[in-house]
**Q** 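Before I ask anything, here is the structure I am working with.
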Amino acid sequence: MDEHNRTGRFGGRVCTRFPPEPNGYLHIGHAKSINLNYGLAADYGGHFNLRMDDTNPEKEEQEYVSSIIDDVRWLGARWPGMRADDPKAGVLWGSNYFDHMYAWAVELIKKGKAYVCDLAADEMSRTRGTLTTPGQDSPFRSRSIAENLDLFERMRKGEFPDGTKTLRAKIDMAHANLNLRDPVMYRIMHATHHNTGDKWCIYPMYDWAHGFEDALEGITHSICTLEFENHRPLYDWFIDAVNAGRTDDGSGPWGKKIHHPQQIEFARLNLTYTVMSKRRLLELVKSGRVRGWDDPRMPTVSGMRRRGYTSEAIREFCRRIGVSKVESTVDVALLEHCVREHLNKVAPRVMGVLRPLKLVIDNYPDGQAEELDAINNPEDESAGTRKVPFSKVLYIEHDDFRETPPPKYWRLYPGNEVRLRYAYFVKCTGCTKDAFGHVVEVHCTYDPATRGGDAPDGRKVKSTMHWVSAAHALPVEVRLYDHLFTRPDPDDVSDDALRAAGEGEAPAEPSAAGRPLTPLPLREGLGEGRSAGQPDATSADATAQDWKSNLNPNSLETIHPAYVEPSVANAAPETRYQFERHGYFCVDPDSDAAPGNVAADPGVGRSTPGARRLVFNRTVTLKDTWAKIEKKGT
RNA sequence: UGGGGAUUAGUGUAACGGUAGCACGACUGACUCUGGAUCAGUUAGCCCAGGUUCGAAUCCUGGAUCCCCAGCCA
């Protein structure tokens, strides 16, 4: 762009666009493109268009249009004519340019650069030649201009059935670039278009349409992915063909030249432990292996949003990965780092116990309760403080107690003293077990002098633990997510993965987060477990040996109930918190409306606020040094 | 064996004839009322071979490897 500005190629103007085909939901790869295009326009003081590339009525749906618009807005891109009250305001449509395209097609016919071809699809394929051998001219290549004009007009009128005729560019059937071997410009498709209805029964192909969409909008830099590099000569050829005979001032038979944008390619984004193609994401959705396009495990924009990722984090991620023409796979750890980095600054802290274990403070008065001050966000003083209820019986994390502590374990074990965050020092006196030897209750005594969490005598404890008061805590559902696939590259179906599949087990590699999920009685579901490691009777036969065999059977674990401090009771969906020592969590839309919102809906009488169903998604874990130590020890 | 691209630490990305840098990851350590955060440090790289040059990741020649293209998809 600097070069173009220097040479004045576009008069110092910069205009970019994001041109999705509405046939699927946007994913993080699209986010990269959106940020690139929008960012460039913003940096160079230009403008950015959101345009639906809707040239194929058979594949496109309204649902996708709405989700795309929603996602692009959420990501922070702004386009001319955008309005808050009307999502579609200012959105552009490739299908709105069909009239222009048709006229230009007629012009090409008149210039002898296009012809109507009667070859069937398979015949055309056969005569296209191969990578190393030239194709053969279509027998219809030399039709007269008059005949072509007549036939094309009749194609438009609907006189011919689908697939019987095409309009082709007359270029070179022997060209080394197969895209230039008389590519199809229009095909016959008697289908109702979501935007143009039944006006057309011929629809333009991508190559024919795309350059003109860019040209009409005055796009300067048409940025696309690497696989379109082979198409750039055709992109240029079509615009040059229209411009042939045209002049800058519009004199002459063909009129004024049209704008010629510059196509530029960059590498699409790949991420470890996930798949990114729309085809594969659709397959996951359709087969029910995820709950939908916005399943929090999906790399879709809506999935990440539902999971609790922020658009700021995604933008920062896009900034850090850079842009190049090298095909690469970015470590998902970088994305997660960006999410933690942002959430650490903005997410209020809260205490929540995922695997509850009862802790009884034997010397705390029965029936007594008090409220303790807790800091909402140590990274943000303006976030203030809140009160957290405390009483004799608490829940602590199951993993925060060991009857016999392993080396370097600083938490609760008989005889050890720890701090309950913002509350008191407590010293473990023992535990009680059930008939099977499972610890069911831990007992301790507290030191009333340490109220608030500091010992007046200056003594230190090695550990600070989170807790909730059993009588006050909110029972909630928590969904823990892990990577969708067990391998960095889902396409890696090497021997051991297959062997594991054959044995009906997940591949041997530990979960990507580096911490195998601990089975507990509370564990409710195994997510999509049926899909990955347990093929039917035929087991690891050839058909099962694809990327889906690497699906992580433990990508979703549901915990119910987990207990969270009462301050989150009324949180709206998408509200994000840090559950201290666990990670970042986000209220899922599956939660019932908060009491405050229920009033708006009289049909839902809800007398007890505490009965609201609350569902949290784990966005990302905190870094867990102890998990590493423990893992090394084993 | 046709055409088009690409190749810098484990990963991603800078340096555009002049000391190969940054981020993530991994590993140490310090600090801490989150085993969080933060801070400090360590680790590790120019695809190969020639050539030009005082000097090459960068320019030239040859080679290797990887990706894309034979839809009436985009």
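Keep in mind that this is a model prediction, so the values were computed, not measured. Each chain gets a letter, A, B and so on, in the order the sequences are listed, and its residues count up from 1.
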**Q** NA contact type, Thr166(A), heavy-atom cut-off 4.0 Å: base, sugar-phosphate, or nothing?
**A** base
**Q** Please work out if Leu131(A) contacts a base, only the sugar-phosphate, or nothing of the nucleic acid, heavy-atom cut-off 4.0 Å.
**A** base
**Q** Among Tyr563(A), Tyr424(A), Phe390(A), Tyr422(A), find the one that has a ring-ring contact (aromatic ring centres under 6.0 Å, His included) with Trp467(A).
**A**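 With Trp467(A) as partner, ring-ring contact (aromatic ring centres under 6.0 Å, His included) holds for just one option, Phe390(A).
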**Q** Would you classify G71(B) as syn or anti? Syn applies when the glycosidic angle is within 90° of 0.
**A**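 Syn, which is what one calls it when the glycosidic angle falls within 90° of 0.
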**Q** What about the rings of Phe579(A) and Tyr584(A), do their centers lie closer together than 6.0 Å?
**A**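 Aromatic pair excluded; centres sit 6.0 Å or further apart.
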**Q** Taking atom P in both U43(B) and G29(B), what distance in whole Å separates the two?
**A** 16 Å
**Q** When the C1' atoms of U8(B) and A56(B) are compared, how many Å lie between them, rounded to an integer?
**A**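 Each nucleotide's C1' atom is 14 Å from the other's.
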**Q** Taking Arg17(A) first and then Glu213(A), would you say they form a salt bridge - that is, a charged N and a carboxylate O separated by under 4.0 Å?
**A**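 Here Arg17(A) does not pair with Glu213(A) in a salt bridge, since their nearest N and O are not under 4.0 Å apart.
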**Q** Taking the six-membered ring for Trp and the full ring for Phe, Tyr or His, determine whether the centres of Trp104(A) and Phe238(A) are under 6.0 Å apart.
**A**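 Not close enough - the centres of the two rings lie 6.0 Å or further apart.
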**Q** Hey, what's the ring geometry for Trp293(A) with Tyr25(A), parallel, tilted or perpendicular (30° and 60° as the breaks)?
**A**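 Correct class here is parallel.
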**Q** Going by an N to O cut-off under 4.0 Å, is there a salt bridge joining Asp447(A) and Arg459(A)?
**A**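 Arg459(A) and Asp447(A): salt-bridged.
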**Q** Grab the CZ-P distance between Arg279(A) and C73(B) for me, whole Å please.
**A** 17 Å
**Q** How would you label the contact of Tyr186(A) with the nucleic acid (heavy atoms, under 4.0 Å): base, sugar-phosphate, or nothing?
**A**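 Result for Tyr186(A) = nothing.
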**Q** Please report, rounded to the nearest Å, how far the P atom of G4(B) is from the CZ atom of Arg232(A).
**A** 12 Å
**Q** Hey, does the side chain of Thr55(A) come within less than 4.0 Å of C73(B)'s phosphate (OP1/OP2), counting only N and O?
**A** no
**Q** Less than 3.5 Å between a donor and an acceptor, one on the side chain of Asn230(A) and one on the base of G3(B), is that the case here?
**A** yes
**Q** Whole-Å distance between C73(B) P and Leu282(A) CG?
**A** 17 Å
**Q** May I ask you to say what Thr133(A) touches in the nucleic acid, namely base, sugar-phosphate or nothing, with a heavy-atom cut-off under 4.0 Å?
**A**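 No contact.
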**Q** RNA chain B: stems of at least 3 consecutive Watson-Crick or G-U pairs, cut-off 3.5 Å?
**A** B:2-7 with B:64-69, B:10-13 with B:21-24, B:26-30 with B:38-42, B:47-51 with B:59-63
**Q** Are there any protein N/O atoms within less than 3.5 Å of an N/O atom in nucleotides 34-37 of chain B, and if so, which ones and at what distance?
**A**
{"from": "U34(B)", "atom 1": "O4'", "to": "Glu580(A)", "atom 2": "OE1", "distance (Å)": "3.4"}
{"from": "U34(B)", "atom 1": "N1", "to": "Glu580(A)", "atom 2": "OE1", "distance (Å)": "3.4"}
{"from": "U34(B)", "atom 1": "O2", "to": "Gln578(A)", "atom 2": "OE1", "distance (Å)": "3.0"}
{"from": "U34(B)", "atom 1": "O2", "to": "Arg581(A)", "atom 2": "N", "distance (Å)": "2.7"}
{"from": "U34(B)", "atom 1": "N3", "to": "Gln578(A)", "atom 2": "OE1", "distance (Å)": "2.5"}
{"from": "U34(B)", "atom 1": "O4", "to": "Arg349(A)", "atom 2": "NE", "distance (Å)": "2.5"}
{"from": "U34(B)", "atom 1": "O4", "to": "Arg349(A)", "atom 2": "NH2", "distance (Å)": "2.9"}
{"from": "G35(B)", "atom 1": "OP1", "to": "Thr464(A)", "atom 2": "O", "distance (Å)": "3.4"}
{"from": "G35(B)", "atom 1": "OP1", "to": "Arg581(A)", "atom 2": "NE", "distance (Å)": "3.4"}
{"from": "G35(B)", "atom 1": "OP1", "to": "Arg581(A)", "atom 2": "NH1", "distance (Å)": "2.9"}
{"from": "G35(B)", "atom 1": "O3'", "to": "Thr625(A)", "atom 2": "OG1", "distance (Å)": "3.3"}
{"from": "G35(B)", "atom 1": "O2'", "to": "Thr625(A)", "atom 2": "N", "distance (Å)": "3.3"}
{"from": "G35(B)", "atom 1": "O2'", "to": "Trp626(A)", "atom 2": "N", "distance (Å)": "3.4"}
{"from": "G35(B)", "atom 1": "N7", "to": "Arg411(A)", "atom 2": "NH1", "distance (Å)": "2.5"}
{"from": "G35(B)", "atom 1": "O6", "to": "Trp410(A)", "atom 2": "N", "distance (Å)": "3.0"}
{"from": "G35(B)", "atom 1": "N1", "to": "Lys408(A)", "atom 2": "O", "distance (Å)": "2.8"}
{"from": "G36(B)", "atom 1": "OP1", "to": "Thr625(A)", "atom 2": "OG1", "distance (Å)": "2.4"}
{"from": "G36(B)", "atom 1": "N2", "to": "Glu379(A)", "atom 2": "OE2", "distance (Å)": "3.2"}
{"from": "A37(B)", "atom 1": "O2'", "to": "Asn344(A)", "atom 2": "ND2", "distance (Å)": "3.2"}
{"from": "A37(B)", "atom 1": "O2'", "to": "Glu379(A)", "atom 2": "OE2", "distance (Å)": "2.9"}

**Q** Under 4.0 Å from OP1 or OP2 of A74(B): is there any side-chain N or O of Arg51(A) that close?
**A**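 Checking Arg51(A) against A74(B): no side-chain N or O falls below 4.0 Å of OP1 or OP2.
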**Q** Let's test your reading of the model: under 3.5 Å, does the base of A74(B) pair with the side chain of His231(A) as donor and acceptor?
**A** yes
**Q** Scan His30(A), Glu227(A), Lys32(A) and name whichever one has a side-chain contact (heavy atoms from CB on, under 4.5 Å) with Arg268(A).
**A** Glu227(A)
**Q** Taking the six-membered ring for Trp and the full ring for Phe, Tyr or His, determine whether the centres of Phe228(A) and Tyr235(A) are under 6.0 Å apart.
**A**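 Here the rings of Tyr235(A) and Phe228(A) have centres that are no less than 6.0 Å from each other.
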